[in-house]
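What follows is a short report on a single structure.
On a predicted model such as this, the values are computed, not experimentally measured, just so you know. Both backbone and side-chain heavy atoms feed into the values below; hydrogens, waters and symmetry mates do not. Atoms within a ligand are numbered from 1 in the order they appear, just like the ligands themselves.
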Amino acid sequence: MHRFHYAGADLHCESVDLAAIARLYGTPTYVYSAGTMADNFQRLQAAMAGLDVRICYAAKANSNLAVLRHFSNLGTGFDLVSGGEIRRVLAAGGTLAESVFAGVGKTEAEIALALEHGIHALHVESEPELARINHVAGKLGVVAPVAFRINPDVDAGTHAKITTGKSGNKFGLPLRQAVAAHEAAAKLKHIRIRGVQMHIGSQLTAAGPFVAAVEKLRPLVARLQADHGIEYFSIGGGLGIVYQDALASGTAAWWETQPADRRPLTPEAYGAALVPLLEPLGLKILLEPGRFLTGNAGVLLTRVEHLKRGADKNFLIVDAAMNDLVRPAMYESYHEFVPLHRDSSRRALVADIVGPVCESGDCFAHDRRLQEVGEGELLACLSVGAYGFAMAGRYNTRPLPAEVLVQGSAFELVNARETFEQMTAGEKIPAFLQ
Ligand code: LLP
């Protein structure tokens with residue numbers, strides 16, 4: 001469910017007309033609904049009732065400072081993967097006390113930064129990494145709280161590029177090495193084993209793979225509790241969202257009309273499947289959702305440059321491109337496009353929706369059917385609040401887009417569109433070329 005809806009003929013985010021935002025700040029612009037993020041957080045929290053649960057928002061999904069502050073105000077911790085993300089949480093006024101630091105290649109400087117700011121735990125991906133953490137903690141004269149990430153070798157049934165819990169993936173320790181690795185870790189002077197972690201992939205649309213992974217790890221978790229006194233089990237993130245019927249999925253009515261066997265994974269179904277498996281452990285449970293909290297809480301506003309009618313195809317050329325939103329080019333992902341102003345008297349148009357970047361891969365949608373729109377008219381691309389701006393780049397020397405946060409009838413620019421001067425600030429012509 002989300003708070004994007006038509007009020008009359010005009011698409012709104014909460015109580016704000018999105019066309020007003022486009023007029024004020026231009027396009028392409030990401031717009032986020034703070035209310036939707038809060039709803040998603042509360043719904044997930046409620047679905048896990050019965051557990052001592054802590055939600056650590058995966059900042060990689062959307063790390064705008066305002067978004068991090070919003071989650072910090074809501075009471076989440078954070079799942080962080082770089083020194084940059086750690087600094088973002090601090091800059092947003094958050095703390096690391098309930099946050100975890102993950103990633104397969106943390107540098108010594110990043111490990112030190114996390115320890116200096118009192119990170120809840122570092123999630124460790126290998127034994128060499130543990131040795132590095134022990135070394136850095138020794139230099140700082142502290143004991144590093146850690147949790148090994150275990151690779152349960154289950155198929156998450158999602159896109160190959162976002163599957164992480166198979167034995168062929170680079171992530172985590174193989175289950176059969178786990179006991180020995182913990183025994184070795186317990187002997188290290190500057191290491192304290194605080195928990196255990198898994199994350200099998202992203203955009204999971206069924207509870208089955210989560211259940212399979214938790215069942216596979218449960219005996220190990222119980223053993224680590226007995227042998228090493230661990231406090232928590234993090235089951236990672238991965239809860240999927242609706243992309244295909246994104247606009248309609250904003251209302252409860254849509255969910256009720258979905259046949260039970262085709263209903264996308266809800267937090268309630270996720271909780272119902274997992275709470276009974278996790279409760280008997282008596283451990284604190286960490287969740288690391290990214291996409292579920294922010295994905296359907298963001299849209300990308302874009303303006304039509306031209307409607308180019310081709311011999312075999314029509315092309316709707318818009319002012320957003322693969323540098324602003326890379327997901328379709330990178331994962332063949334589907335994103336719904338809707339007009340900001342709906343007009344039922346218009347004819348339908350079937351077109352490829354493409355950006356201006358000089359690559360055929362700069363295509364958001366193939367043969368998409370939507371209301372006929374022309375130059376200067378506005379569209380919203382839906383479900384881009386996660387891994388949208390966060391993965392944006394500057395290809396073709398296009399500036400990073402603007403970001404706006406809405407709450408009720410209030411809205412504010414939370415990231416101004418980049419300028420040419422900002423884009424080129426670090427560049428210079430060397431003396432030997434002058
Ligand atoms: N925890 C760990 C250890 C992770 O690696 C990830 C995501 C998460 C939590 C959050 O997963 P989520 O709840 O968002 O599924 N760029 C891709 C997604 C990459 C996910 C990477 N890891 C996309 O646009 O689909």
Side-chain angles (χ1 to χ4, degrees), residues 30 37 40-41 44 47-48 54-63 67 71 76-82 85 99-106 120-126 129 147-152 156-166 169-173 195-207 209-210 213 232-243 264-265 267 270 274 285-298 300 322 324-335 364 381-393:
Y30 279 93
M37 293 180 196
N40 290 342
F41 165 69
L44 181 56
M48 305 307 281
R54 156 124 340 235
I55 294 180
C56 290
Y57 167 57
K60 65 172 80 67
N62 184 330
S63 56
V67 171
F71 281 116
T76 73
F78 297 95
D79 167 43
L80 305 166
V81 291
S82 69
E85 285 191 358
S99 298
V100 293
F101 184 27
V104 293
K106 306 172 193 76
H120 185 72
L122 293 117
H123 286 172
V124 184
E125 300 261 0
S126 64
E129 190 197 2
F148 270 115
R149 174 172 180 172
I150 309 297
N151 186 327
T158 182
H159 192 284
K161 285 185 184 158
I162 50 177
T163 291
T164 54
K166 284 289 292 170
N169 301 129
K170 68 181 174 183
F171 299 101
L173 280 188
V196 64
Q197 198 263 1
M198 66 169 223
H199 171 76
I200 57 171
S202 198
Q203 184 54 18
L204 271 74
T205 50
F210 290 115
Y232 77 87
F233 177 21
S234 173
I235 60 168
L239 197 53
I241 63 165
V242 174
Y243 283 103
L265 183 57
Y270 172 83
L274 292 174
I285 301 298
L286 260 57
L287 305 181
E288 304 166 9
R291 189 189 318 263
F292 176 75
L293 295 179
T294 56
N296 69 357
L300 176 60
M322 63 190 289
D324 305 300
L325 175 69
V326 76
R327 302 195 70 257
M330 193 153 171
Y331 314 111
E332 297 87 37
S333 66
Y334 180 101
H335 290 275
F364 290 125
C381 173
L382 307 183
S383 311
V384 295
Y387 309 110
F389 185 94
M391 295 179 77

statement: Contact set, ligand 1, heavy-atom distance under 4.0 Å, ordered by chain/number, equals A58, K60, D79, R149, I162, Q197, H199, S202, Q203, G237, G238, E288, P289, G290, R291, R327, Y331, Y387, M391
- prompt: Thinking salt bridges, do K106 and E129 make one under a 4.0 Å N-O criterion?
  reply: yes
task: Just say parallel, tilted or perpendicular for the rings of Y232 and H123, cut-offs at 30° and 60°.
output: tilted
message: Consider side chain to side chain contact (heavy atoms under 4.5 Å, CB included). Of L293, L44, L239, which one does L287 pass it with?
response: L44
Polar side-chain atom of E125 near backbone of G172 as donor-acceptor pair, under 3.5 Å: yes
task: Applying salt bridge (Lys or Arg N to Asp or Glu O under 4.0 Å), name anything that partners R54, two or more places apart in sequence or on another chain.
output: E98
- request: Answer whether the closest heavy-atom distance between the side chains of D79 and E85 falls below 4.5 Å.
  value: no
